[in-house]
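Note that ligands are numbered from 1 as they come in the structure, with each ligand's atoms numbered from 1 the same way.
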Amino acid sequence: MELGELTRDLETLRDDAVASVRAAPDVATLEAIELDVLGRKGRLTLVLRGIGALPAEDRPKVGAVANEVRGAIAAALADRGGALRGSELEARLAAEAVDVTTPGRPIRRGTLHPIVETVREIADIFGQFGFVTYEGPEVEDDLTNFQMLNIPPDHPARDLWDTLYVDVEGYLLRTHTSPGQIRVMQTERPPIRALLPGRCYRYEAIDASHASEFFQVEGLMVDEGTTMGDLKGLLDQFAKAMYGHDKRTRFRPGYYPFTEPSVAFDVECLVCGGSGCPACSKSGWMTILGAGMVHPVVLQYGGLDPERYQGFAFGMGVERIANLRHSVGDLRLYMENDLRFLGQFR
Ligand code: 2U9
């Protein structure tokens with residue numbers, strides 16, 4: 001092997017390599033050429049194996065040529081690579097181009113169930129008066145659900161409450177959230193301001209205004225010197241916050257075994273404003289909840305001395321509150337999971 005021949009082999013290799021680099025259709029071909037020519041076992045390496053056969057004074061000359069050749073091929077690779085990668089990116093961008101003007105797929109956002117929304121709204125209003133929300137068990141014992149609420153076993157009020165008993169002696173599905181308040185009194189010291197929202201169960205024939213499971217929110221306040229006036233003021237503020245600050249309210253005598261005295265609490269008819277209409281059966285008023293001063297017997301069951309502490313309590317059916325709020329006339333709609341109905345509460 002002599003210098004001229006090796007130099008020609010190197011220049012031929014350069015020209016062939018640069019030509020095939022410039023003709024490379026894609027990056028993959030480019031990388032294959034780079035490996036084939038400049039790789040450790042590449043053709044440039046193979047050609048340079050001939051250097052050993054050269055006279056020592058010629059080797060640096062070949063080395064210079066070899067470096068020039070490697071540089072030329074590397075420059076061609078970089079140039080062609082940049083162009084190919086650029087166009088490949090363009091092609092991918094074009095292929096993946098998203099026409100941002102095209103309308104996106106509507107993401108159907110869920111909404112709170114109207115009953116949950118109503119419970120949260122009620123809890124928010126009473127929360128502003130310092131009422132803390134507690135949860136009570138849905139499977140209750142007869143003692144706490146009835147007896148401690150001044151409803152002894154043979155009390156007529158029981159048949160008022162058509163109860164769903166479970167197959168454990170003395171246990172039932174709670175007919176109201178009131179037993180939860182008993183548990184609060186037994187575990188908390190006054191002053192107590194408790195809100196008990198939750199699902200309740202009654203053995204009811206289901207129709208537009210009755211369901212076997214429904215939601216209640218009950219409230220309890222116990223402290224020294226609690227009065228009926230406190231109760232009236234609080235409920236008046238609740239009704240105004242819920243239905244409008246211009247709404248008038250009133251108490252009417254009522255009866256509950258666990259409160260004495262007991263009242264029904266009315267707000268002026270939300271349809272006719274009090275002049276009388278079918279919605280308020282011409283009374284001009286709508287009853288939204290019941291309330292009263294906690295019966296001393298119940299305070300005792302709560303471990304509280306009725307001589308020292310007084311309390312008031314109230315209870316409302318959430319479906320009724322939601323009905324008045326949203327002018328819904330059939331509470332079965334809340335249970336049927338019909339998105340046409342539920343979708344309206346966005
Ligand atoms: C304790 C003491 C007293 C809770 C009360 C009512 C009046 C009431 C009804 C509203 C609609 C039931 O769902 S409904 O039919 N409830 O009117 N609830 S006072 O009285 C209590 C509760 C717990 C310890």
Query - ligand 1 contact on Ala264 by region, counting heavy-atom pairs under 4.0 Å - result: neither

Report task. Please determine if Gln216 has a nitrogen or oxygen closer than 3.5 Å to a nitrogen or oxygen of ligand 1. Result -> yes

Report summary line: So CG of Asp141 and CD of Gln147: to nearest 0.5 Å the spacing works out to 8.5 Å

Report task. Could you say whether the N/O atoms of Leu289 and ligand 1 ever approach to under 3.5 Å? Result -> no

Report task. Please say whether more than 12 non-hydrogen atoms of neighbouring residues, nucleotides or ligands are located less than 6.0 Å from CD in Glu57. Result -> yes

Query raised in the report: Hey, is Met316 touching ligand 1 through its side chain, its backbone, both or neither, going by heavy atoms under 4.0 Å?
Result: backbone

Query raised in the report: Using the benzene-type ring in the case of Trp, are the ring centres of Phe126 and Phe314 under 6.0 Å apart?
Result: yes

Query raised in the report: Under 3.5 Å, N or O to N or O, is Gln181 touching ligand 1 that way?
Result: no

Query raised in the report: Which atoms from ligand 1 have a heavy atom of Ser178 less than 4.0 Å away?
Result: 22 (C), 23 (C)

Query raised in the report: Do any N or O atoms from the side chain of Thr45 and from the backbone of Lys41 form a donor-acceptor pair under 3.5 angstrom?
Result: no

Query raised in the report: Do any N or O atoms from the side chain of Gln237 and from the backbone of Leu234 form a donor-acceptor pair under 3.5 angstrom?
Result: no

Query raised in the report: For Met185, is the nearest heavy atom under 4.0 Å from an atom of ligand 1?
Result: yes

Query - Arg108, CZ: over 12 other non-hydrogen atoms inside 6.0 angstrom - result: no

Report task. Using a cut-off of 6.0 Å, state whether more than 12 heavy atoms not belonging to Arg252 lie near its atom CZ. Result -> yes

**Report entry** Close-contact set for ligand 1 against Val298 heavy atoms, below 4.0 Å
**Finding:** 24 (C)

Report summary line: In terms of its nearest heavy atom to atom 16 (N) of ligand 1, the top option of Gly317, Gly315, Gly219 is Gly315

Report summary line: One finds that the ligand 1 atoms under 4.0 Å from a non-hydrogen atom of Phe258 are 3 (C), 4 (C), 5 (C), 18 (N), 19 (S), 20 (O), 21 (C)

Query - Which of the ligand 1 atoms, numbered from 1, are nearer than 4.0 Å to a heavy atom of Ala291 - result: 7 (C), 19 (S)

Report task. May I ask which of Arg320, Glu218, Arg202 has a heavy atom nearer to atom 15 (O) of ligand 1 than the others do? Result -> Arg202

Query - Test item: side-chain donor near acceptor, Thr227 and Asp230, under 3.5 Å - result: yes

Query raised in the report: Heavy-atom contact under 4.0 Å between Thr177 and ligand 1?
Result: no

Requested in this report: Kindly say whether Leu196 contributes a backbone atom to a donor-acceptor pair with the side chain of Glu218 at under 3.5 angstrom?
Outcome: no

